[in-house]
Amino acid sequence: MGALAVSESLCSCGNIIVLKSNQLDFPWLLHAFSTRQGGVSQGSYASLNLGLSTGDDAERVQCNRDRLARALGFTWEQAARGEQVHGNRVAVVTAPGAVFPSTDALVTNRVGLPLLVFFADCVPIMLVDPVLRVIATVHAGWRGTLRRVVLEALGVMRSCFGVEARHCLVHLGPSIGPCCYAVGEEVAELFASWKGEVLLRDQGSWHLDLKEANRQLLLAAGVPKENITLSSYCTSCHSKLFYSHRRDGYQTGRMAGAIMLK
Ligand SMILES: [Zn+2]
């Protein structure tokens with residue numbers, strides 16, 4: 001992938017550990033990606049599982065959600081989220097606590113309104129226009145990436161708030177890396193015509209680089225190269241820090257990214 005800017009920090013935050021993008025370190029902005037450390041879930045869900053969809057105990061998940069929100073400085077009930085379906089629908093959030101069906105991207109310019117994105121292997125993406133102070137979260141697996149969900153979010157930031165791509169800062173958070181993400185011929189074929197090193201050949205199988213694919217989309221849409229930063233973490237390689245559906249199967253947890261204008 002060449003010499004890309006990799007700029008992120010692991011931070012202790014209360015009793016949990018989160019990952020932050022150095023590029024998004026503004027006094028008027030809160031943002032963090034959770035890791036699996038510092039929660040109360042057990043067994044294969046240990047310990048800070050934030051997802052209810054994979055069979056973990058609901059009370060423990062709620063405790064974890066409250067713990068993350070408190071550590072970051074909001075309440076879980078304040079946070080908006082989409083019921084993610086690997087699609088490309090974008091919601092503009094205007095009220096706290098809103099839940100949007102079939103939605104993988106959220107946009108707002110409201111202060112004090114946290115946006116969440118859940119992830120395990122898919123790429124959690126945060127977009128910020130520091131000039132107009134508009135923020136977005138995006139959930140992009142291979143299906144969402146093919147459906148250009150990150151550009152749908154950018155489009156809504158432009159049409160609703162006048163955001164220009166050239167002013168946007170984008171951070172692509174921790175996700176499964178090409179090292180661990182072998183895909184079948186039929187998925188590889190869908191990305192065959194994409195620019196950049198999106199597909200890699202390793203020991204007879206194709207490996208997909210989801211972060212690079214989304215970076216290519218953003219570059220083509222006019223986001224400057226120096227404004228796009230990528231997490232260096234692969235969720236599958238780093239089992240102490242992250243859950244990975246690909247590595248662990250169904251009975252695993254979910255992390256979340258949170259972003260809020262202060
Ligand atoms: Zn890996």
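Keep in mind it's a predicted model, so treat the numbers as computed, not measured. One-based numbering, in listed order, for ligands and for the atoms of each.
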So, at under 2.8 Å, which protein N, O or S atoms would a careful student list around the Zn ion (ligand 1)? C179 SG, C180 SG, C234 SG, C237 SG
May I ask you to check whether H31 and F26 place their ring centres under 6.0 Å from each other? no
All salt bridge (charged side-chain N to carboxylate O under 4.0 Å, His left out) counterparts of R246, not counting sequence neighbours: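 R246 satisfies salt bridge (charged side-chain N to carboxylate O under 4.0 Å, His left out) with no other residue.
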Judged by modelled atom types alone, do E8 and S21 share a side-chain donor-acceptor pair under 3.5 Å?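 Their side chains do not contain a donor-acceptor pair, so the 3.5 Å distance test is not met.
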Extract all donor-acceptor atom pairs below 3.5 Å that involve side chains of residues 91-115 and protein atoms in other chains or at least two apart in sequence.
{"from": "T103", "atom 1": "OG1", "to": "P101", "atom 2": "O", "distance (Å)": "2.8"}
{"from": "D104", "atom 1": "OD1", "to": "V85", "atom 2": "N", "distance (Å)": "3.0"}
{"from": "D104", "atom 1": "OD1", "to": "H86", "atom 2": "N", "distance (Å)": "3.2"}
{"from": "D104", "atom 1": "OD1", "to": "G87", "atom 2": "N", "distance (Å)": "3.0"}
{"from": "D104", "atom 1": "OD2", "to": "V85", "atom 2": "N", "distance (Å)": "3.3"}
{"from": "D104", "atom 1": "OD2", "to": "H86", "atom 2": "N", "distance (Å)": "3.2"}
{"from": "D104", "atom 1": "OD2", "to": "H139", "atom 2": "ND1", "distance (Å)": "2.6"}
{"from": "T108", "atom 1": "OG1", "to": "V93", "atom 2": "O", "distance (Å)": "2.7"}
{"from": "T108", "atom 1": "OG1", "to": "R110", "atom 2": "N", "distance (Å)": "3.1"}
{"from": "R110", "atom 1": "NH1", "to": "T94", "atom 2": "O", "distance (Å)": "2.9"}

Residues pairing under salt bridge (charged side-chain N to carboxylate O under 4.0 Å, His left out) where one sits in residues 176-185, two or more places apart or in two chains, turn out to be E185-R201
Expected output: side-chain S231 to main-chain L172 donor-acceptor under 3.5 Å: no
